[in-house]
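Here the structure comes first, spelled out in structure tokens, and everything after it is commentary.
Basis for what follows: all heavy atoms, side chains included, without hydrogens, waters or symmetry-related copies. One-based numbering, in listed order, for ligands and for the atoms of each.
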Amino acid sequence: MDSPINKFKVWWQESKVDSPLKQKSAVCVSTIDEHGFPSGRFVDLKAVSEEGFVFCSYFDSAKGKHISHNPKSAMTFWWDHVGYQVRVIGHSQEISELEADSYWVTRTRSAQLTTTAFDQSAPLESEAFLDTRLNEALLQFGDQSVPRPKNWGGYIVKPVSIEFLTFRESRLHLRELYENSDGCWNKQLLQP
Ligand SMILES: Cc1cc2nc3c(=O)[nH]c(=O)nc-3n(C[C@H](O)[C@H](O)[C@H](O)COP(=O)(O)O)c2cc1C
């Protein structure tokens with residue numbers, strides 16, 4: 001059985017061609033909160049391999065806390081211009097510090113400063129505090145390089161199932177479900 005990861009790579013590549021989106025790799029990541037509620041938000045997909053799907057974030061954000069209590073996660077992609085939906089279910093785990101460093105250096109300095117300046121998901125006392133905190137970070141680092149904060153890194157969602165849906169105006173969507181069992185992928189079609 002062909003790996004669905006190869007199919008995903010083809011679709012992801014296709015989705016970037018003539019994409020009307022500014023954030024071409026945005027994906028909704030869902031986690032489970034402490035009350036058992038699902039919680040979704042968009043992040044940027046950084047990479048995909050046979051190991052899984054990588055995104056970057058803060059470990060102590062709401063999503064980071066959810067994952068540390070319950071690694072069960074989902075990712076949902078929708079690329080309207082090509083009519084593709086992809087749903088991934090899997091387990092999230094932190095990537096290595098070395099890998100996190102490699103993503104950190106690809107960030108612009110301004111993104112590095114912003115990341116360093118804030119505690120993602122913590123309450124914000126006022127909008128004005130955004131500038132105050134950013135200016136403090138600017139002063140703190142001056143011309144020096146900005147090191148990766150220890151609470152920022154990446155997660156890899158290790159897939160247990162991946163469903164590809166090809167949207168059809170007729171509603172006869174083609175749904176291809178791949179499920180992983182003991183390291184092997186099995187495929188079956190689902191009714192639309
Ligand atoms: C298009 C888009 C891309 C985003 N990319 C990221 C990202 O890669 N990492 C991240 O932590 N937050 C990203 N965000 C912000 C998240 O949606 C979210 O607000 C933030 O991660 C806090 O979520 P949490 O409080 O559930 O942890 C992005 C938002 C949008 C709209």
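Of all protein heavy atoms, the one lying nearest to atom 20 (C) of ligand 1 is Q120 NE2, 3.3 Å. Here the heavy atom of the protein found nearest to atom 6 (C) of ligand 1 is V43 CA, 3.4 Å. The protein atom (non-hydrogen) at minimum distance from atom 8 (O) of ligand 1 is D44 N, 3.0 Å. Nearest protein heavy-atom neighbour of atom 11 (O) of ligand 1: S57 OG, 2.7 Å. Looking from atom 1 (C) of ligand 1 to the surrounding protein, the closest heavy atom is Q23 CG, 3.7 Å. Here the protein heavy atom with the shortest distance to atom 16 (C) of ligand 1 is F42 O, 3.1 Å.
Of all non-hydrogen atoms in S102 and E99, the two that sit nearest each other are OG-O, 2.6 Å. Closest non-hydrogen pair, W152 versus C56, comes out as CZ2-CB, 3.4 Å. Shown here for P192 and R175, the closest heavy-atom pair between the two residues is CA-CD, 3.9 Å.
Under the 4.0 Å distance rule, the nearest protein heavy atom to atom 23 (O) of ligand 1 falls inside the cut-off.
Using a 30° and 60° split on the angle between ring planes, F167 and W78 fall in the perpendicular class, above 60°. Ring planes of W11 and Y84: parallel class, angle under 30° (limits at 30 and 60°). Between F77 and F53, the ring-plane angle classifies as tilted under the 30° and 60° cut-offs.
Residue contacts with ligand 1, taken as heavy atom pairs separated by less than 4.0 Å, involve K63 via backbone and side-chain atoms alike. Counting heavy atoms under 4.0 Å from ligand 1, residue C56 touches it through the backbone alone.
Residues satisfying the side chain to side chain contact (heavy atoms under 4.5 Å, CB included) criterion with D101, sequence neighbours excluded, are R148.
Comparing K22, R41, K65, H66 against atom 18 (C) of ligand 1, the shortest heavy-atom distance belongs to R41.
Y103 and V146 fall within the same hydrophobic cluster, defined by Ile, Leu, Val, Met, Phe, Trp and Tyr side-chain heavy atoms under 4.5 Å apart, directly or through other members.
Here is the list of ligand 1 atoms found below 4.0 Å of a heavy atom in S121: 24 (P), 25 (O), 27 (O).
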